[in-house]
Amino acid sequence: MAKVLIINTGGTISMTETAEGLKPDLGRFRAALAEMPELRNPKMPAWEMVNTDPLLDSSNMTVDEWNRLGEIVAENYDAYDGFVILHGTDTMAYTASALSFMFENLGKPVILTGSQIPLCEIRSDGKDNLITSLLIAGSGRVNEVCICFGEELLRGNRAIKYSADGFIAFKSPNCPPLAEVGIAIDYNEALLLPAPAEPFRLQTLEKNPIGVIKVFPGIQFELFANIMTEALKGVVIETFGAGNIPGSATALLPIIEKASRNGAIVTVCTQCPQGTVQLGAYETSSALKRVGAVSGKNMTTEAAVAKLYYLLSKHADAKTVSRLMETSLRGEE
Ligand code: ASP
């Protein structure tokens, strides 16, 4: 019988209503789990649960929590067939992206899930999300970090939080679902990453100073010059469309040029949920290429941020980081 480790980090699924709003409540969460007979059904994998302390609203997740999660999986890697991580939806796509890079040669399912309504409430979507995630984690069918939510299994580093209040909280606009969750769990075999040839390894992350800039009409780039200091190791620029910045961006280019000269990795992503950056397709983007920016292609901002943390923690050489930013490592582009 497959054995799955549930790692509970908090999020709405573990929360209860208080005078200040929803807050994690381990007692209520445990009581709600005890009321789920499905979890004791013989068709379920065997499971055990650890809770990180304290349980968090995922808005409070940092690189430290990602490293802790990575260590828990690494310490238990051989003892379990799969992992379910209960996590708040707000930053689930960031954590899934980060773990996808941190887990090198992953050969087991790591499934992140949560809910929009706490498990202790009668209309909670957490019940189905947890049951399906446990079945997928115990199936041994995927070798990657995924988000299982609503009716889909998504590649974690392709997912974005799409709805603040709907039960279909995540979408993966540039990559079809890895599985559709209907009457059956229908896997899209052609998309799944192959089993690794090398042994599993955890790469922990350093707290590298990185930033994200979203361009908008009328943006005064001079204001950002102050953050493009020598301390900055990487920046993701969320541009318009296929990688375009405002035409009068003369103020931006010297800033980017200076940042790349200082060794910062300037990665160009798009504000569009769907489609890809093509530096040089328009006059308004070719200058970015000239001053040393790299293309984030169709990576989500979440994946680009996580990949920057990962590559900057692993490689000292800016040229290597730039090259690998434009290379798909875990199906993220
Ligand atoms: N604020 C919550 C969190 O991210 C939202 C959720 O879980 O749905 O922890």
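Order of listing sets the numbers, starting from 1, for every ligand and every atom in it.
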Problem set entry | Side-chain ion pair, Arg330 and Glu144, N-O less than 4.0 Å | no
Problem set entry | Greater than 12 external heavy atoms within 6.0 Å of Phe200's CZ | yes
Problem set entry | Which of the ligand 1 atoms, numbered from 1, are nearer than 4.0 Å to a heavy atom of Gly11 | 7 (O), 9 (O)
For this session: Report, in ascending order of atom number, the atoms of ligand 1 lying under 4.0 Å from any heavy atom of Gln116.
Result: 8 (O)
For this session: For Asn157 and Ser100, run side-chain hydrogen bond (donor to acceptor under 3.5 Å, both in side chains): C-alpha distance rounded to whole Å, both residues' side-chain angles, the deciding distance at 0.1 Å, then the answer.
Result: CA-CA 7 Å; Asn157 56 32; Ser100 77; 3.1 Å; yes
Exercise. Is a side-chain N or O of Asp81 found less than 3.5 angstrom from the main chain of Gly138, in a donor-acceptor match?
Worked result: no
Problem set entry | Any N/O pair Thr91/ligand 1 closer than 3.5 Å | no
For this session: Pick, from Leu56, Thr12, Ile13, the option with the minimum heavy-atom distance to atom 5 (C) of ligand 1.
Result: Thr12
For this session: Look at atom 8 (O) of ligand 1 and say which protein heavy atom is nearest, naming residue and atom and giving the distance to 0.1 Å.
Result: Thr89 OG1, 2.5 Å
Problem set entry | Protein residue, atom and distance nearest to atom 1 (N) of ligand 1, heavy-atom basis | Asp90 OD2, 2.8 Å
Exercise. Nearest protein heavy atom to atom 4 (O) of ligand 1, by residue and atom, and its distance?
Worked result: Ser58 OG, 2.5 Å
Exercise. Cut-off 3.5 Å, side chains only: do Ser97 and Glu302 have a donor facing an acceptor?
Worked result: no
For this session: Pick one of side chain, backbone, both or neither for how Ala169 approaches ligand 1, counting any non-hydrogen atom pair under 4.0 Å.
Result: neither
For this session: Could you establish whether Gly10 and ligand 1 come within less than 4.0 Å of each other, counting only heavy atoms on the residue side?
Result: no
For this session: Without swapping roles, check the side chain of Ser124 against the backbone of Ile117 for a donor-acceptor pair under 3.5 Å.
Result: yes
For this session: Return yes or no for this condition: an N or O of Asp57 is under 3.5 Å from an N or O of ligand 1.
Result: yes
Exercise. So does Arg68 pair up with Glu65, basic N to acidic O under 4.0 Å?
Worked result: no
